[in-house]
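Data first, discussion second: the structure below is written as structure tokens.
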Amino acid sequence: MINKELNFVLASDENYADKLAVTMYSILENHLDLKMVNIHVLSNKISSDSETKIKKVASNFQNSNVIIHNLNNLKDLIGKDVNVDHLSLAAYARLFIPKLLSLEVAKAIYLDVDVLVNNSMLEVFEIDLKGNYIGAVKSLIDLATIEEQKNGLFHINSGMLIWNLRLCREDDFVSQCLEYINNATGKIRFHDQTVINEVCKGKIKAIHPKFNVMSNMLFLKYKGFTSVYGLNNFYSEEEYNEAKYNPTVIHLTSWVVGRPWETGCVHPYRDKYHEILSLTPWRNNELLKSTEKYTNLIKRVLYKLVPGTIIRYVTLLKRRIKGFWG
């Protein structure tokens, strides 16, 4: 038994309560040797029935403790209408973590609820964040300017964050986020992720990519991956391959493989997802019908046959056309 108490944070609305339960189970089964694992659930209108089910899942683990933080007034807390596109408003809940967790909690890991934890995350908690607000894995879409990149700045994916809560509280991180949202009049390109990247700019520690392995990393070789996304300031090939073949956090992004709760999913960890789901009260959930099954199949073939640079240029062109036509 390791005499440590870790804090994890998950955020969801009712629609993703079942995914939250799977993520939570994967956390707990990989930390059985710890004294206590606190699961903080940021609830944006999760039903009382689902909350009861979530707690029931956690009760299978003697060292678990679930704390529900009711954020049904999340829209009011943000103070301005924000674009959410395909996301839930619950995505913005992570911005309030420094204020929601007890002052005694100095560090916490936030995880999106479309992830599976595959190994212990104790290593992440022991990272020295020094003067940084957060530690995270670099994003596949790096919006840092060339000048910023020269100065060592980069963008991260917000699906896994290790928080330096003491520093965030000292610098009133939450107020900084709300100010950014207000100044942007609520129109934010990559939602909460953009807010975090901009507010934390210069105070982010890049951590090993194995702590946020997205679906495309599992399918693409290093050179193809960096070519498709035009990455010049990413991780080394050695780090990439370590993440690919021994992931600690598997981020179930849709990409061209679909997601485990949809028909036609070919994600390599889909069986692991369903294995855990079968241990929860949502075990009889029907798969959602995917409209992208055949489109994704064609895309997977193209990723194998077409050079990455061509795919990148076509993708950029499509984005520009979409932006032009609104």
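For Lys99 and Phe96, the positive end is not near the middle of the six-membered ring at less than 6.0 Å and at most 45° from its axis.
A donor and an acceptor atom, one from each side chain of Asn30 and Asn119, are nowhere located under 3.5 Å apart. Side-chain N/O atoms of Asp171 and Tyr133 include a donor and acceptor closer than 3.5 Å. In this structure, a donor-acceptor pair under 3.5 Å is absent between the side chains of Glu238 and Ser236.
Between Tyr273 and Trp261, the ring-plane angle classifies as tilted under the 30° and 60° cut-offs. A perpendicular orientation is assigned to the rings of Trp163 and Phe173, their planes being inclined by more than 60° (bins at 30° and 60°). A perpendicular orientation is assigned to the rings of His208 and Phe211, their planes being inclined by more than 60° (bins at 30° and 60°). Below 30°, between 30° and 60°, or above 60°: for Phe8 and Phe125 the angle between ring planes is above 60°, a perpendicular geometry.
Smallest separation of non-hydrogen atoms from Ser64 and Leu28: CB-CD2, 3.7 Å. Nearest heavy-atom pair across His31 and Val37 is CB-CG2, 3.8 Å. Residue Ala90 comes nearest to Leu74 through the heavy atom pair CA-CD2, 3.9 Å, listed as atom of the first residue, atom of the second, then distance. Nearest heavy atom pair, residue Asn246 against residue Lys210, reads O-CB, 4.1 Å. In plain terms, the two heavy atoms of Pro260 and Cys265 that are nearest each other are N-SG, 3.5 Å. Residues Ile134 and Ile156 approach most closely at CD1-CD1, 4.1 Å, considering heavy atoms.
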Practice problem: Kindly indicate, with the supporting measurements, whether the criterion side chain to side chain contact (heavy atoms under 4.5 Å, CB included) is fulfilled by Leu95 and Ile181. | Solution: CA-CA 11 Å; Leu95 303 180; Ile181 292 171; 3.9 Å; yes
Quiz item: Stepwise, does the side chain to side chain contact (heavy atoms under 4.5 Å, CB included) test hold for Lys293 with Thr263?
Solution: CA-CA 8 Å; Lys293 180 179 178 179; Thr263 58; 5.5 Å; no
Practice problem: Dump the intermediate steps for side chain to side chain contact (heavy atoms under 4.5 Å, CB included) on Glu262 and Glu292, then the final yes or no. | Solution: CA-CA 10 Å; Glu262 300 171 338; Glu292 301 291 325; over 6 Å; no
Practice problem: Starting from the C-alpha separation in whole Å, work towards a yes-or-no answer on salt bridge (Lys or Arg N to Asp or Glu O under 4.0 Å) for Lys272 and Glu29. | Solution: CA-CA 13 Å; Lys272 177 65 175 176; Glu29 72 172 354; 3.3 Å; yes
Self-check item: Trace of the ring pair (Phe, Tyr, Trp, His ring centres under 6.0 Å) decision for Tyr229 with Phe234
Solution: CA-CA 10 Å; Tyr229 294 97; Phe234 201 58; 8.7 Å; no
Self-check item: His40 vs Asn7, side chain to side chain donor-acceptor pair (under 3.5 Å): CA-CA, chis, key distance, verdict
Solution: CA-CA 7 Å; His40 298 265; Asn7 288 273; 2.8 Å; yes
Practice problem: For salt bridge (Lys or Arg N to Asp or Glu O under 4.0 Å), just list the numbers for Asp112 and Arg94, CA-CA rounded to whole Å, side-chain angles, deciding distance to a tenth of an Å, and then say yes or no. | Solution: CA-CA 9 Å; Asp112 276 351; Arg94 77 196 78 186; 3.1 Å; yes
Exercise. Just do the side chain to side chain contact (heavy atoms under 4.5 Å, CB included) check on Tyr92 and Leu77 with the steps written out, would you?
Key: CA-CA 10 Å; Tyr92 284 87; Leu77 289 174; over 6 Å; no
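Checked options Asp192, Ile188, Thr194; the residue passing with Phe190 is Thr194 (criterion: side chain to side chain contact (heavy atoms under 4.5 Å, CB included)).
Separation of atoms OG (Ser26) and CG (Asn118) is listed at 8.5 Å; rounding is to 0.5 Å.
Environment of CD in Glu126: crowded, with over 12 heavy atoms of neighbouring residues, nucleotides or ligands closer than 6.0 Å. Atom CZ of Arg166 is surrounded by 12 or fewer heavy atoms from other residues, nucleotides or ligands within 6.0 Å. Other residues, nucleotides and ligands place no more than 12 heavy atoms under 6.0 Å from the NZ atom of Lys45.
Residues Leu103 and Ile97 do not share a hydrophobic cluster, defined by chaining ILVMFWY side chains whose heavy atoms lie under 4.5 Å apart. Leu287 and Leu277 fall into different hydrophobic clusters, where Ile, Leu, Val, Met, Phe, Trp and Tyr side chains are chained together by heavy-atom contacts under 4.5 Å. Using a 4.5 Å cut-off between side-chain heavy atoms of Ile, Leu, Val, Met, Phe, Trp and Tyr, with links allowed through other members, Tyr294 and Val301 fall into different hydrophobic clusters. Cluster membership for Leu279 and Leu20, using ILVMFWY side-chain heavy atoms within less than 4.5 angstrom, is shared. Hydrophobic cluster membership differs between Leu220 and Leu297, with clusters built from Ile, Leu, Val, Met, Phe, Trp and Tyr side chains linked at under 4.5 angstrom.
Between Tyr240 and Phe225, the distance separating the two ring centers is shorter than 6.0 angstrom. Checked against the 6.0 Å centroid criterion, the rings of Phe61 and Tyr25 qualify as a close aromatic pair.
At distances below 3.5 Å, not a single donor-acceptor pair connects side-chain atoms of Glu5 with backbone N or O atoms of Met36.
Lys205 has no carboxylate O lying under 4.0 Å from a charged side-chain N of Asp128, or vice versa, which leaves the two without a salt bridge.
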